[in-house]
Amino acid sequence: MLELNAIRAEPERLIEGLKKRNFQEEELSIVNQIIALDDQRKSTQTDLDQTLAERNRLSKEIGDLFKQNKREEAESMRAQVGELKEQASEMEDQLKNIQSELTELLYTVPNIPHPSVPSGNTDDDNEVFKAWSGELPELGDDAKPHWELAKDYGIFDLELGVKITGAGFPVYRGKGAKLQRALISFFLDEATEAGYDEVIPPLLVNENTARATGQLPDKEGQMYYVNEDNLYLIPTAEVPVTNIYRDVILEEDDFPIKLTGYTPCFRREAGSYGAHVRGLNRVHQFDKVEIVRIEHPDRSYDSLMEMLGHVERILEKLELPYRILRLCGGDLGFTSALTFDFEVYSAAQKRWLEVSSVSNFETYQANRLKLRYRSENGNRLAHTLNGSALALARIVAALIENNQTPEGIVIPEKLRSYTGFSVLS
RNA sequence: GGAGGAAUGGCAGAGCUGGUUUAAUGCACCGGUCUUGAAAACCGGCGUACCGAAAGGUACCGGGGGUUCGAAUCCCUCUUCCUCCGCCA
């Protein structure tokens, strides 16, 4: 969530940001509501502190009187303190109410978009930041979409997944499973070479963790929930990995912190069915290698560009046509200030598939995480960033469609040492 | 799953028969003196959040609640860790 002090310092900046996210005029009053409520918080806090200070002072006196055996004087002061106590507990309740109301309001405020974020409502309004400069592969009319190829070559089986679990849980088999494992290793090695430390995090997280990175309360319905233990299945490694740094105060020379992690990701994707989600285009469980960075605020946007370069290199090694989009205000994630999406061209489906999303959250997550660093001007919030590098399922979809030949699916050069075969047949 | 013990500031570790503790002491860390330099020694500093221009105040001793004029200290509850037993890769 946004910092109160930042909202107070530049309310116009927040209002401009909300407009870019297509907030209606009447919804903008939330900014003034927050500031007014915070004023209330401050004055209540001050009153309470003064009352408690008085109570502490009197209590100390009573203690002294008891020691001097002046019982009667002590007794009369007791009554006084009793009154203060009542006042204090009233103020405490009031403060609690104000605070929870304030937090609730703050939870409804999204991050302020970066100045470069274009305005717009839908993904049609996203800006093409980097277009594909080469030619798009033409496969001809007998080209098969990946779900048909999967059947021909036994790469994955969605019907089998239905039997075991339900729709959207693919079972990868044989060389398909091997390809999956090869891609994971390849992505992890790329990240490690680029200086990211590998972690294997838990796949289930508690409420505090999900709240700190912003999945709760915003995306509650997106996560699978284990009721008996009050745990959530992770929708991305971002959640457990970023939370490694919850409640941490860093030194300035700890930056940059670079982490990578492979995890399966679980997403309910409730209500999304139809032709455009066929095959691996949208599934409930998929594998992903994530990169996470924690940065000094002055350097976070340089970091973001570096992460873009990292993803580009991987896609180039995989020989996949890709383009980069800068998300518009309407498409931008709730917690993000600036997001670039990577799309690869899936030549049989003749459409672009999103395979990576690279974002700078600035201090939005750090505020909930209480992730700070010591600076000369006191402790300040760090910036958090993350990106997929990469999400597997759709990469596999594009890879097998684009590389289909009558002899089988040709594995890109750079991947062959990982798969152990050059043609999937 | 059963029984017992524990949880204190970056770490170690007192306090736990309630009132000079707004948490001793040591180590680590930062600044200074000394030194050609370093070490040692000595001096000083050294948690987080909120309110306040500042002085200062308030809260926090695993989380929540309670008793009391007053709680790190007493009571209840939850969580986590350790030891033993059981079960099981």
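In this text the structure is predicted, and so the values were computed from the model without any measurement. Letters go in sequence order (proteins before strands), and every chain restarts at 1.
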For [N] versus [M], give the span between their [atom1] atoms, rounded off to a whole number of Å.
N	M	atom1	answer
B:rC42	B:rG4	P	49 Å
B:rA40	B:rA54	P	38 Å
B:rG47	B:rC11	P	14 Å
B:rA24	B:rA72	C1'	13 Å
B:rG65	B:rC60	P	11 Å
B:rG44	B:rC61	C1'	27 Å
B:rA3	B:rA59	P	38 Å
B:rG57	B:rU22	C1'	11 Å

Given [options], identify the nucleotide with an atom nearest to the side chain of [X].
X	options	value
A:R374	B:rG47, B:rC51, B:rG57	B:rG47
A:L52	B:rA59, B:rG52, B:rC50	B:rA59
A:K96	B:rG52, B:rG65, B:rG47	B:rG65

Pair partner, [N] [Watson-Crick or wobble, under 3.5 Å]:
N	result
B:rG4	B:rC82
B:rU48	B:rA59
B:rG26	B:rC11
B:rG70	none
B:rU33	B:rA41
B:rC87	none

Each nucleotide N or O in nucleotides 68-70 of chain B that has a protein N or O under 3.5 Å away: list the pair and distance.
from, atom 1, to, atom 2, distance (Å)
B:rC69, O2', A:S59, OG, 2.9
B:rG70, O4', A:S59, OG, 3.2

- Task: Using heavy atoms to find the nearest nucleotide of RNA chain B for A:E54 and A:K42 separately, return the residue whose nucleotide is more 5′.
- Result: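 The 5'-side residue here is A:K42.
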- Message: Quick check with a 6.0 Å cut-off and a 45 degree axis cone: is A:K175 positioned over the face of A:F421's six-membered ring?
- Response: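 Yes, A:K175 sits over the ring of A:F421.
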[X] [atom1] to [N] [atom2]: how many Å, rounded?
X	N	atom1	atom2	answer
A:N379	B:rC50	CG	C1'	14 Å
A:R380	B:rU48	CZ	C1'	18 Å
A:L95	B:rG57	CG	C1'	15 Å
A:E251	B:rC29	CD	C1'	9 Å
A:D93	B:rG66	CG	C1'	14 Å
A:K370	B:rG63	NZ	C1'	13 Å
A:Q45	B:rC60	CD	P	12 Å
A:N206	B:rG63	CG	P	16 Å

Please tell me whether [X] and [Y] have a donor and an acceptor in their side chains that are separated by less than 3.5 angstrom.
X	Y	answer
A:N281	A:Q349	yes
A:T236	A:K288	yes
A:Y301	A:E295	no
A:Q94	A:Q99	no
A:Y172	A:D157	no
A:Q215	A:Q222	no

- By salt bridge (charged side-chain N to carboxylate O under 4.0 Å, His left out), which residues pair with A:R246, not counting sequence neighbours?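 If we apply the salt bridge (charged side-chain N to carboxylate O under 4.0 Å, His left out) test to A:R246, skipping adjacent residues, there are no hits.
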- Task: Could you list the residues that satisfy salt bridge (charged side-chain N to carboxylate O under 4.0 Å, His left out) with A:E83, not counting sequence neighbours?
- Result: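 Not a single residue meets the salt bridge (charged side-chain N to carboxylate O under 4.0 Å, His left out) criterion with A:E83.
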Which pairs of donor and acceptor atoms, one on a side chain in residues 28-37 of chain A, lie under 3.5 Å apart (sequence neighbours left out)?
from, atom 1, to, atom 2, distance (Å)
A:S29, OG, A:E26, O, 3.1

- Could you tell me whether A:Y232 and A:Y224 have their ring centroids closer than 6.0 angstrom?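 Judged by ring-centre distance (under 6.0 Å), A:Y232 and A:Y224 do not meet the cut-off.
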- Sugar-phosphate only, base, or nothing, as touched by A:I249 at under 4.0 Å among non-hydrogen atoms: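 Sugar-phosphate only.
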- Message: Categorize A:R57 for me: base, sugar-phosphate, or nothing, with a 4.0 angstrom heavy-atom threshold over every strand shown.
- Response: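 Since no nucleic acid heavy atom lies under 4.0 Å of A:R57, the category is nothing.
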- Sort and list the pairs that fulfil ring-ring contact (aromatic ring centres under 6.0 Å, His included) and have at least one residue in residues 371-390 of chain A, not counting sequence neighbours.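 Sorted result for residues 371-390 of chain A: A:F255-A:Y373, A:H296-A:Y373.
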List, with names and distances, any nitrogen or oxygen atoms from the protein found under 3.5 Å away from nitrogen or oxygen atoms belonging to nucleotides 77-81 of chain B.
none

